[in-house]
Peer 1: 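For reference, the structure I am asking about is given below.
In what follows, chains are A, B, ... by sequence order, proteins preceding strands, each numbered from 1.
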Amino acid sequence: MDVLNNNTKSQVALLERTVDDYKSDTKPTWCPGCGDFGVLNAIYNALKAKGTDPKDIVAVSGIGCSSRLPFFVSSYGFHSVHGRAMPVSTGIRVANPDIQLIAFGGDGDGFAIGAGHFVHTARRNLNICYVIMDNNIYGLTKGQTSPTSDLGFVTKTTPKGSADAPLNPLMLALAMGATYVARGFSGKTKELADLILQGMEHPGFAVIDVFSPCPTFNKVNTFKYYRDEAIDLPEGYDKTDYIAALAAASKHDPYYLGVLYENRDKATFEDHVAATIPAERQTPEQVLNGLFKKFS
Amino acid sequence: MDVLNNNTKSQVALLERTVDDYKSDTKPTWCPGCGDFGVLNAIYNALKAKGTDPKDIVAVSGIGCSSRLPFFVSSYGFHSVHGRAMPVSTGIRVANPDIQLIAFGGDGDGFAIGAGHFVHTARRNLNICYVIMDNNIYGLTKGQTSPTSDLGFVTKTTPKGSADAPLNPLMLALAMGATYVARGFSGKTKELADLILQGMEHPGFAVIDVFSPCPTFNKVNTFKYYRDEAIDLPEGYDKTDYIAALAAASKHDPYYLGVLYENRDKATFEDHVAATIPAERQTPEQVLNGLFKKFS
Amino acid sequence: MVAMAERPTMTEEQTLEQRHSIVIRMGGESGEGVKSTGELFAQVAARAGFKVLTFQTYPAEIKGGHSVYQVRLSSEDLYTEGAALDILLAFNQEGYDKSYEELHDDGLLLYDDGAVTDFHYEQGGKRALALPMTKIAKGELKFELGKNVVAVGMLAALFGMDVEPINRLLTEKFLRKGEDVVAKNKQAFQLGFRYIEESFPERANYYLKAGAVEEDSIIISGNQLLSMGCIAGGCTHLFGYPITPASDIMEFLAGELPKVGGAVVQAEDEIASMGMVLGASYTGKRAMTSTSGPGLSLMVEMLGLSGMAEIPAVIVDVQRTGPSTGMPTKQEQGDLNMAVYAGHGEFPRIVLAPTDVADCFWRAIDAFNFAERYQVPVILLSDTTLSVRTQSIHKPDLSKIKLIPRVLYDPTASANATLDQHTLSTPVAQHGNGTLPENDGEGDEVDMELAASRGFELYQRYAVTEDGVSPMSIPGQAGGQYTSSGLEHNEFSRPRYDVINHTRMTDKRHRKLIGAAQNAPEPFRAGDPAAELGIITWGSATGVAYEALLEAQKQGVKLDLIAPRMIWPIPTQQLDDFIASKRVIIIPEVNFSGQFANLLNTHYRKDFVRLNVYGGAPLKSSLLLAKIMEYVNH
Amino acid sequence: MVAMAERPTMTEEQTLEQRHSIVIRMGGESGEGVKSTGELFAQVAARAGFKVLTFQTYPAEIKGGHSVYQVRLSSEDLYTEGAALDILLAFNQEGYDKSYEELHDDGLLLYDDGAVTDFHYEQGGKRALALPMTKIAKGELKFELGKNVVAVGMLAALFGMDVEPINRLLTEKFLRKGEDVVAKNKQAFQLGFRYIEESFPERANYYLKAGAVEEDSIIISGNQLLSMGCIAGGCTHLFGYPITPASDIMEFLAGELPKVGGAVVQAEDEIASMGMVLGASYTGKRAMTSTSGPGLSLMVEMLGLSGMAEIPAVIVDVQRTGPSTGMPTKQEQGDLNMAVYAGHGEFPRIVLAPTDVADCFWRAIDAFNFAERYQVPVILLSDTTLSVRTQSIHKPDLSKIKLIPRVLYDPTASANATLDQHTLSTPVAQHGNGTLPENDGEGDEVDMELAASRGFELYQRYAVTEDGVSPMSIPGQAGGQYTSSGLEHNEFSRPRYDVINHTRMTDKRHRKLIGAAQNAPEPFRAGDPAAELGIITWGSATGVAYEALLEAQKQGVKLDLIAPRMIWPIPTQQLDDFIASKRVIIIPEVNFSGQFANLLNTHYRKDFVRLNVYGGAPLKSSLLLAKIMEYVNH
Ligand SMILES: Cc1ncc(C[n+]2csc(CCOP(=O)(O)OP(=O)(O)O)c2C)c(N)n1
Ligand SMILES: Cc1ncc(C[n+]2csc(CCOP(=O)(O)OP(=O)(O)O)c2C)c(N)n1
Ligand code: SF4
Ligand code: SF4
Ligand SMILES: [Mg+2]
Ligand SMILES: [Mg+2]
C-alpha cells in the first residue's frame, strides 16, 4: 500500500502518524450507541494507514448527525448545507486536485435532497471518497422516513408506514458510473477501515454505503439486524464485472458487504479538466490584450 | 386494447375520438426539422388510441424546447419550471388519482436539474407516463452540453469537449425502480406511439426516453446517426427479466429501441397513499373535536 | 434602565397568591425527564384551573446537553414566559449552575436531593429546599421512572392545587397503558404531594390563586394549534420535508389528514415539496407545506411560479435563528425580508404572522382563505417561540370559521354575473370567456380556425378582472382546458411577450394586493389610542410588547400598541392613523436590521425607534420597558 | 407630455450631419441575417470613426419570429439606443409592419426591393427607397448570402463612410476563411456602396460626421466586457448553468479561463453551481457563477452559507423579465429586492450594478475585490439591455486595475501587525490566534487537553476584528485547519448557541458592510449639483436618465443626476448630500414597485417621485423627460 501516495507535498510525509493525529479536539455529539462512532473510528484508522498530512485533507459534509463528522477530524473541514456535500466537494477538487477529499453524510443528505448531485458526481467520476452513514432514518431531525427506509416503515411522518419503496444506493452509484462501489457496516470497523482506505486510494469516485444504525430513532435496522442481514461477498467474486456487480447490488435479504465494483481505468473529471488547460499559461493581461484585438 | 380504460367518468367516452381532438390551437414553436415534431405526432396518435377525454388528461412539463409540448395538446397542461415536472406531477396524481398524467421534458430538464426528482418519482412508482425528448443537448438555451451528451462533445460551454461521461437514462430508471422502461426514436413515429400508449396504460412509473434530434444545435446526434445507431431489441427478449434489462440498457453502439423492462405487479404510490385513508372519512370538524378532547 | 429588578420584592407576609403569576423553571440533562416533568406539570396546573404558558430550550444535539422547561402560572391570561424565576427546580448540578442567577432575590431553589452539591453562587435572600424526588421514587415507590410524577406532586402541593381534577387527568392520561400504570402514577403523585404537605410548613407562602376550572380549556403548543388551524382551513394535502422547528406540523398532520381523505407526503426536498403543493392545488385541493428558513430559501423559484401561474399555496415558515444552518433550535424573527421580497421579478404574495398560540389557529385558516381567494402564495410566519410554547387557551369556537372558496370557472355564468359574495373582496365581474386576439407575432402562433371551432378554447384562465382574480377551471372540467405556465401569458394562457400585455398582466396580478390588504385580519390592539407613545410589533414579540405595556401602564405611562397580523401587503388602513397620531413609535423585533421597521418605512416616512435583539432568545419585556421609559416625556 | 415628437424636424437643407446621432433599425425574420447585417454594420461604422451603440430584440423561440437590430451612430458618446428611428431597413413585410410607425416624420424607409409590397401606413413626410439587395447578391455577385454585406455597403455609402478602414476590417474578418471569401465580401460591399453612389443623389443629405478613428476603440457587448472584467478581476473558475441572457458569459469564459490555468464547469443546476463556487473559493481561488433570475432564486440557501461561513463568492445576475420564467429575452430591473434581501436570517452581502457597457468591466473587477476583501457574496446585477447591447468604447486601461487580496492567515504575524494596506478598508488588527474558551455546554464539547497540545487548534478562523474580516487559512496550510460551517460558531469555528456569541458574531459579520459602503465605487454623476431637481437611478436606466438630462438641459432645465454603482450596502456618503439638497428627486426604474426607491426609503425619509415602467422594454428617455418637466417649477 502506497502510504505516501497523495502526500508528496507534505513536509512530514515520512513521519509515521498515529490515529490521534487525525482526531480533532471536538468531541462527537452523537447519542451513546450511535453507529457513527464506529465509522469515525474506521476513518481514523484509514487515515492513519494512508498517512496523508491532515493539512492536505478536506473532509466535506452536508447536514445531519453523520454530517457532523468533519468537526471530529483534525483535517480541514467543510460542513456545508443539507444535501450539498457533492457540489462543494466538486468545487474543491476542481480548484485544487492535490487535496485528499473525503466526503461524509447521511442517507437523507446524500440520497433525498442530495440525489441529483450524487448522480452527477458519479457520472463525472470525480476523485472523491464518499462515505454515507446509512441508518435508514433521519436522525438529526428526530426520526422521519429516509430514502433507504423500507416500504411500510413506521416513522413520525409515516404513521401508517412509508409509501415509498427504498432507494438502493449501490444500484444508483453503479448505474451512474461510480468507479468504486462498496458497502460497509459500522459493526465491522476493521473491514470498514479497509474499505475506506481503498476508497481513498481509488482514482475516481468511490462510494461506500455504510450500515450505521441509529439506536435512538430506528428500532428496526439495528446492529443486530445488520449482523443478521449482511454477509460478505462470495469467494471468487469478481469486482471488475459490471453486470455481476449490478446483480450483487440489487440483492437484499441478505445484503452483501465488501467492494462490489472497481474500475481503475476510467479517467477522472479532474483529468479531463486538466487536459483543457494549455501547456503555456497566459497571464490575465495577455488574455485580455488578445481579446481586445479580437474586438477592435 | 382497452380504449375506455381510464375514461369511465367521461360522458363522451364512447365516441371514437380523432387525432385532431388532441390538437390544441397553439402551433408548435419548434425549428423546422426538430425531432420533437415526430414525438408530438406520436403523442396525438397514442392519445387517440387511448381515447381518454382531453378534459381528464393533464400534460406536465418543465422548461425547454421539448417542454413546450403541453401547449400543443388540447388537454389540461402545466408547463412548470425547469427540472420540476416530476414534483408537480406527483402533487397532481396524489391529489387526484383519476387523472391521466403524461409528463414531458428534455434531457436537461429531466436529468440535469431534474435528476433528483426523477430518482424519487421512480422509486415511488407513481402512475405517470414520462416521455423524455432526448436530443443530447440544451436546445432552448441554444446549444450547451446536456447530461446525455457524449464525453468529448463540443458545445458552447465545452469548447474543448465535455468532461462529463454521459448519464444513461434507462439505467437510472431501472436502478431506481421504474416499472416500465422503454426507448423510442422520433424517426419511428408509429413504434413510438405504441410505446407511449403502452406507457400510459402501464400502472406505475413509465419512462420513455426518446431520441429526438435537434438539427439546429446538435450536428452529431442527428436523425441519420440514430437511424444507424439504434436497433430493435432482439427476438425473444424477455422484458420481465430485470438483470437482462440492465444489460440491455447499458448497451450502446448500437442502442436498443423498444420496451426494455416492464413489471406490472408493483403497487403504485397512489395505491399506498389510498391505503392510509380510513374507510370512514371524518369532517374537519370531527377531527378537530377529537383533537380538542386529546389536548384538554 | 427600569429593569425587572425594580419589581417589588416579596415581603414576609406577602404570599405568591398576591403575585400576578409565578415562573417555575426546571433544568437538567436533556432526555432526563425535564421535558416530561414540565409537560405534565403544565397539564396538571391547567386542570387545576391555572392559566399556563410554557417555554423550553433544548440543545441542537440529539441527546445530552442542557435542557430547560419553564412553566408560568397565573389565574389571568399570560402573554410571555416571564422574566426572572420565582422557583427553580434543578435536576442536576448544571440545572443549578445555569439558572440560579436568574432566580429572584426572594426566589426558591428546589433540587433533587443529592443532585446538586456545589452551591457556589451568593445566596442572598433566596431560599433553598432539597426534595427527595429520586429517593422517594427509588424507595417507597419502587419505580425510578416515577421521579417526574413525584416532582409534579410536590409542586402541586406547593401551590395548593386541587387534587381532584388532577387525579382525573392522571387516569385519562395513563389509562391506555393499563390500570396498573394509572395506579402507580397516582401513587407517585400522592407521595410527592404528601411530602410537601408534611415537611414544608411554609408552603402556604407559595399558594397561588387558581382561576375557575374551565371546561373548554385546552393546553396546546403553537405548532399543534397551527396544524389544527390548517385542518379547519380545509387543508387536505401537505407536502413537506422535515426541518426543525417545523417538522412536528407535518408529523401532526400525517396522523390527521388521511382522516379527511387527504394525505401527507414526505418529499425528497423542499423544492419538490413546493412543486407537489402546486400540482395538488392545481387540481383544486387546498394544499400546503411547512418548513423553516433553509427550506423557504429553497422554495423561492417555486414561490414565483405560484405567483405567476396564480396557483394558491400555503407555506408555513417556522422561523429559527439564521442565517444558514444558524442555531436550529433558537428564536429569531429573521425571515420577514425573505417572505416579503424573495423571488426574481415581482408577483403578489401575502404574508401573515400569528401573534400568539391561540392566533396560530385563526391565521392558518386565513392563510388558506387568502391563498384560495386571491390565487397567490401565502406565507405564514411563525417562529420557534410560538412553535414550542404550550399554553392553556379556550378551545377555538369552530362556528366562527368561514371558508372562502376559490373562484371557479363557470362557463354558464353571464359576463356580469356576481359570483358568491364573501367577506374577502369585491365580486368578480367576468366569467372568464372571451375572444382570442389575432396573431401578431408577439406570442405563440394560434391556429385561429381550430380555435374558433372549439368552444372551450375561449376560456380565459387569466381574465383581466377588477380585483385581479380570474375564475379558475379544474382538470376534469370540460371546456376548461388551459396550460398553466410561469411564462408571461395573455388571458387565454398563451405565451405573450409584448409590452402592453406584460404591463396589463403585472397590474392585474398586483391588484389582488389591494383587496387582500382591505381584508386583513384584525390586528392585536391594546393600550390607549390617545397615547402619543406607541409600539408597533409583530409575531411572537407581541406578547412581550403587551406585557411591557401593562407594566408601563402600572407605572402611569400612557401607551398604545398595535401588532398587524398581515405583514404584507402592509395593512395601511390599520396603521395610517396609528402612525400619524403618535409622537414616538417603538418597533421591537427579534432580528438584526429591523425588518418590519424597514418594510414600514417603504411606505411611511416616519423615524421609528427600533429595538432589536438578535442573540437567539426572545425579546425580554424588561428591555422594551426600559426603552419605553426612555421616551416618556422626552 | 414633452415627447420626442417635439424634437426639431429636419428641414430640406439640414443634413444628418447636423444631427447629434442617427438611429437605423433593421427588421426581419429571425435567422434571416438581420443580426449579422446589424453586427457587421456596427463594426464597419466603428472602424469608420463613429461611436456606435446597438440594441436588439429576438423572439424567445429558437427559430423564426420577428427580430430587430438597431444601430445608433454618432461622433459623440452615446448612452441609449435612441428613440424614434431615422432610418428603417425592412428585410421583409413584417420589418415594415412592425416598425414603420416608429420612423421619424422625416425618416427614410429602405427595403429590400420586392420584399415589402403593402405600404399600408400613412406616409406623411417619410421617404422611401427600394434597394436591390437580393437582386445584386443573386445577380451580379452570384452569392445570395452576400446580401447582408451588400446592404452594409449601401448604408456605408449613405453615410459617406471612409472605405479604407472598412476594407481592412473585411480582410481581417474573413481572412481565416480564405482569400476568396475576403474578395467576395469586398466585392459585395463595393457593389452595395456603388449602387447608392450611383443611384441615390440625395445621399449627401444623410452624411453624418464621423469622429476621429481611434486606435484603442473596441466594439463589444456588455456580457463580453463583463466576462473580460472577471478575467481582469483574477477569476480563475466559473461554475454555472446555462440560462438566457447570462449563458454567453459562461460560454465566453469557457474559452478563456483555461488559458490562465482555470476552468469553466457546467454544473447540473444552479444550486450545484453555487456549491462548487464555495468549494473552489474555500481553497483560495477567485470563483464565480453567472445566472439570471430563476437561477438566483435557486441559489438563495447557498448565498446564506457564503455569508455565514464567510466564503467569498461572485454571482453575476443578468436580470430578465420576471416573475417565474416570465419573458426570458426581455428587459427588467426586477431582481434588486432578491439580491438585497433573499435568504433566511441576516448576513452581509454586497450588490453592485454597472451603469453601462464600459462599466461592466470595472464593476466585475470590483465584485471580486469586494468578495475577497470582505469574505462575502457579491451580486453583480446586470440586465438584458446591458448584456446584448454592443457599443464602441475605449479599450479599458489595464494599468488602472487594482486587485485586492484576501486577508490570509499568517500565524507568524504579531497580534497587532498591520496587514497589507489597501484601498478598501481599515487594517485588520488580529492575526487570528487565540485561547480556546472553557467548555460551558452551549456548544460542542471540546477536549481541552488535546486542544492545548496542538498549536494549530488555536487558529481563530472567525477572529472578531474591527472591520469584521478574519484572516482565512487555505487547505494545505499547516496549522490552519478548521471546519467551515453554516452553523453559528465561535472564533474557533466551533458550533456555539449562546446569546452573547450569536450577537457578537452577527455584529462582526455586519461590520463588514460599514467598510464596504465607505469604499463604494464612484457613482455616475452628471448635471448641476446646485439644481434642486434631481434624478437617482441605477443600472442600465442610467444611460436613459443621462440622455433625458441632456435634453432637459437643452431646454434650460437645471437638473442633477446620480447613479450609485453600489446598491447594497447603501453608499450613504455618496447620497446623503444629494438627497438632502434636492427639492424633488425622481427615481426611474424598470420594475413595478420601485425597488431601489423602496430600498432608499428604508434609510431616507424623503418622498421620492417614482417612475416605473414594467412592460419588458427599457425605459424611454422621452418618458423621463416628460416626468422631469412635470416637476420643473412645480
Ligand atoms: C434545506 C434543509 N432542509 C431540511 C433540513 C433539516 N435536516 C437536517 S438533517 C436532515 C436529515 C438528516 O438525515 P440524514 O441525512 O440521514 O442524517 P442522519 O442525521 O440520519 O445522520 C434534515 C432533514 C436542513 N437542515 N436543511
Ligand atoms: C432554473 C433555471 N435554470 C436555467 C434555465 C434555462 N433553461 C431553459 S431550458 C434549459 C435546458 C434545455 O434543455 P433540455 O431540457 O434538454 O430541453 P430542450 O430544449 O433540449 O428540448 C435551460 C438550461 C431555466 N429556465 N431555469
Ligand atoms: S439520533 Fe441516531 S444518528 Fe443521530 S446521533 Fe443519535 S443515534 Fe446517532
Ligand atoms: S433548438 Fe433544437 S430542440 Fe429546440 S426547437 Fe430547434 S431543433 Fe428543436
Ligand atoms: Mg440518516
Ligand atoms: Mg435537450
Peer 1: Shorter than 4.5 Å, heavy atoms on both sides: which option in Ala175(B), Ala165(B), Ala115(B) has the most such pairs with chain A?
Peer 2: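 Highest number of pairs under 4.5 Å: Ala165(B).
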Peer 1: Pick from Met176(B), Arg123(B), Met171(B): which one has the most heavy-atom pairs with chain A under 4.5 Å?
Peer 2: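 Top count of heavy-atom pairs under 4.5 Å with chain A: Arg123(B).
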Peer 1: Report yes if the side chains of His120(B) and Leu167(A) come closer than 4.5 Å at any heavy-atom pair, otherwise no.
Peer 2: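 Counting from C-beta outward, His120(B) and Leu167(A) do come under 4.5 Å.
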Peer 1: Using a 6.0 Å cut-off, check whether atom NZ of Lys294(B) has over 12 heavy atoms from anything other than its own residue.
Peer 2: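 Open.
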Peer 1: Please check if the number of heavy atoms outside Lys293(A) that lie under 6.0 Å from its NZ is greater than 12.
Peer 2: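 It does not: Lys293(A) NZ has 12 such atoms or fewer within range.
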Peer 1: Do Asn125(A) and Asp164(B) touch side chain to side chain, with heavy atoms closer than 4.5 Å?
Peer 2: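 They are not in side-chain contact.
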Peer 1: Is it the side chain or the backbone of Thr268(B) that comes within 4.5 Å of chain A heavy atoms, both, or neither?
Peer 2: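 Looking at Thr268(B), nothing touches chain A.
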Peer 1: Might you point out which heavy atoms bring Ala163(B) and Phe269(A) nearest each other, and give the distance in Å?
Peer 2: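 Scanning both residues completely, I find the closest heavy atoms to be O-CD1, 3.5 Å.
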Peer 1: Please flag which part of Pro166(B) lies under 4.5 Å from any non-hydrogen atom of chain A: side chain, backbone, both or neither.
Peer 2: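 It is the backbone, since no side chain atom gets that close.
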Peer 1: Please round to the nearest 0.5 Å and tell me the distance separating atom CD1 of Ile243(B) and atom CG of Leu246(A).
Peer 2: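 With rounding to 0.5 Å, CD1 (Ile243(B)) is 6.5 Å from CG (Leu246(A)).
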Peer 1: Rounded to the nearest 0.5 Å, what's the gap from CG on Leu151(B) to CZ on Arg124(A)? Could you check?
Peer 2: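 The CG atom of Leu151(B) sits 12.5 Å away from the CZ atom of Arg124(A).
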Peer 1: Pick one of side chain, backbone, both or neither for Phe118(B), based on which atoms fall under 4.5 Å of a heavy atom in chain A.
Peer 2: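 Contact with chain A involves no heavy atom of Phe118(B) at all.
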Peer 1: Counting heavy-atom pairs under 4.5 Å with chain B, which one of His117(A), Lys266(A), Glu270(A), Lys160(A) comes out on top?
Peer 2: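 The residue among His117(A), Lys266(A), Glu270(A), Lys160(A) with the greatest pair count is Lys160(A).
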Peer 1: What is the distance from atom NE2 of His272(A) to atom OG1 of Thr158(B), rounded to the nearest 0.5 Å?
Peer 2: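 One gets 12.5 Å once the value is rounded to the nearest 0.5 Å.
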